[in-house]
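A short worksheet on the structure shown next.
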Amino acid sequence: MKKIFLAFASTLLLIAGPSCNEIVEDGSIDWEQWKEDKENQADMPVYQVYTLNHPCLLHTQSDFDYVKAHIGEEPYASALTKLKSSQYCNTSYQANPVEYLARLDAGNWAQMGGRWENAGIADLWYEGIHNNYTNFMRDAAAAYQLALLYKLEGNTDAANTSRNIMMKWATVNKGILRNNKGEIIDSNERLILFQPYQMAVAAEMLRDYNGWGTTPEFERFVTWMDETFYPLAEEQIQVQQNSGGGHYWLNWDLAAMTTILSIGVLSENQDYINEAIMYFKGVGAGPGNIRKAVPFLHQDPDSDELLGQANELGRDQGHNTLCAAVMGVFCQMGLALGDDLFAYDDYKAIALAEYVAKYNLAREALYPDPMQNFSGMVVGASEADFEYRHSSFPFEIYTYGDAGTMTEPSQDGRGTVRPGWDYWVGYANTHGISAIYATKKAERIRPDGGGGHYSGNSGGFDQIGFSTLMGYRPKY
């Protein structure tokens, strides 16, 4: 087994970003020893060798077969119409890659000035570079949606456009914007990691398109994904491990974990796959560890279910609902590999989703027609707009690192709408699990869409969406 740099490797090595086949001689961690150390600790997950029956990143061949067999039925028929209504599911779509990707605080980086000069990259500045990640978020959404159209309808024009988007990025982009020391210049750059997994899923779906998955072109794309995004994701993991967690919230970890897992499947790198899944199962120092993502469980006062108090519940509901959306995708990725992360640690992820769904469940009449583009991200403006009273929710006073003490569920952004709920519902229906609040939430926005259907800012693109089309299953 080769050595790879992990959450405990030096910052210098993380910045260097070796490819998945490179052996790092100085300062690296011996993965075999790392496995042995972790497996000897009580209650730690065990390294597994996963069988990769491609496609097996989020969607499997059995998923495509099922949807195609039921595409004339509801809700799949409406969900396919929703997909085709997206401006990003357009075979004439043109990619807009950038040389260096950035997601920077506008107050510090939007204007040329001393920061750019001090970082030694003043020559790279142009107006708008500080948030050029929006090019990537739109192109990743388009690549995914077009690849999905190919898999469901055999649309070769869609496949060509999706592949071209990915290859343009692999050709033009030289990585993440860094200073002259090779460091990222703003921690917000790690939030770019909400997009790589979406593009990786697109590439996974196109493996069988004219044998693309066996070509040097495909390998070039995979190498670009690995060398560009794995070091950035690994940096997030290392920051958490070195600090013991307590600063960066759950959504940061989930972005890194989905990136590492998706690149692992795409490149058939078992170490990457295990790094992401073992972090979730208990190795992680940050809240991407499911036991830290859900620090408290409560008996639901209105049912026999447990509600999982999530890491960001007391922060705001915009981020809290993002966590539910991306965690659902991460667990679905595990399921595609044969590892049931939904059920891990007594269904703790399900408990998280149920609390998020219940707290953000506005009255049914307030939801707009789901077949239309959603003009905003929030439904509900006052206590009377919600199914359950704020004061009825159990909450454990919680201090999270330097973020301060949270004393109740935050009402900031309550009612935020994000796609993805039918991954939770589809799992619950086929595994005999109760998910009454996720089910209600999903029903009110079904069929859900994806990038382009939920506002034009990053909140509308930071989750992959289309869970009704690909994740919903009726009860058996």
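Quick caveat, the model's predicted, so the values are computed rather than measured. Note that these values count all heavy atoms, side chains included, but never hydrogens, waters or copies made by symmetry.
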Assess whether atom CG of Asp304 is packed by more than 12 heavy atoms of other residues, nucleotides or ligands within 6.0 Å. no

With a 6.0 Å cut-off (strictly less than), is the heavy-atom count around CD of Glu364, excluding the residue itself, greater than 12? no

Minimum heavy-atom distance between Glu312 and Cys323, given as atom pair plus value: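 Between these two residues, the closest heavy atoms are OE2-SG, 3.3 Å.
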
Take the angle between the ring planes of [X] and [Y] and call it parallel below 30°, perpendicular above 60°, tilted in between.
X: Tyr76; Y: Tyr472; result: tilted
X: His431; Y: Tyr427; result: parallel
X: Tyr66; Y: His70; result: parallel

How many angstroms lie between atom [atom1] of [X] and atom [atom2] of [Y], to the nearest 0.5 angstrom?
X: Gln198; Y: Thr259; atom1: CD; atom2: OG1; value: 9.5 Å
X: Asn360; Y: Asn320; atom1: CG; atom2: CG; value: 6.5 Å
X: Leu101; Y: Thr134; atom1: CG; atom2: OG1; value: 9.5 Å

Are a donor atom and an acceptor atom from the side chains of Gln317 and Thr416 found within less than 3.5 Å of each other? no

Salt bridge (charged side-chain N to carboxylate O under 4.0 Å, His left out) pairs, two or more places apart, involving residues 465-476: Asp63-Arg473

Are Arg414 and Tyr359 in a cation-pi setup, meaning NZ or CZ lies under 6.0 angstrom from the ring centre and within 45 degrees of the ring axis?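 Yes, Arg414 sits over the ring of Tyr359.
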
Row check, Tyr400 ring normal vs Arg315 NZ/CZ: under 6.0 Å, within 45°: no

Does a salt bridge link Lys358 with Glu305, judged by any charged N lying under 4.0 Å from a carboxylate O?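 The answer is no: the pair does not qualify as a salt bridge.
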
Verdict with reasoning, Phe330 to Tyr279, per ring pair (Phe, Tyr, Trp, His ring centres under 6.0 Å): CA-CA 12 Å; Phe330 185 80; Tyr279 191 95; 9.3 Å; no

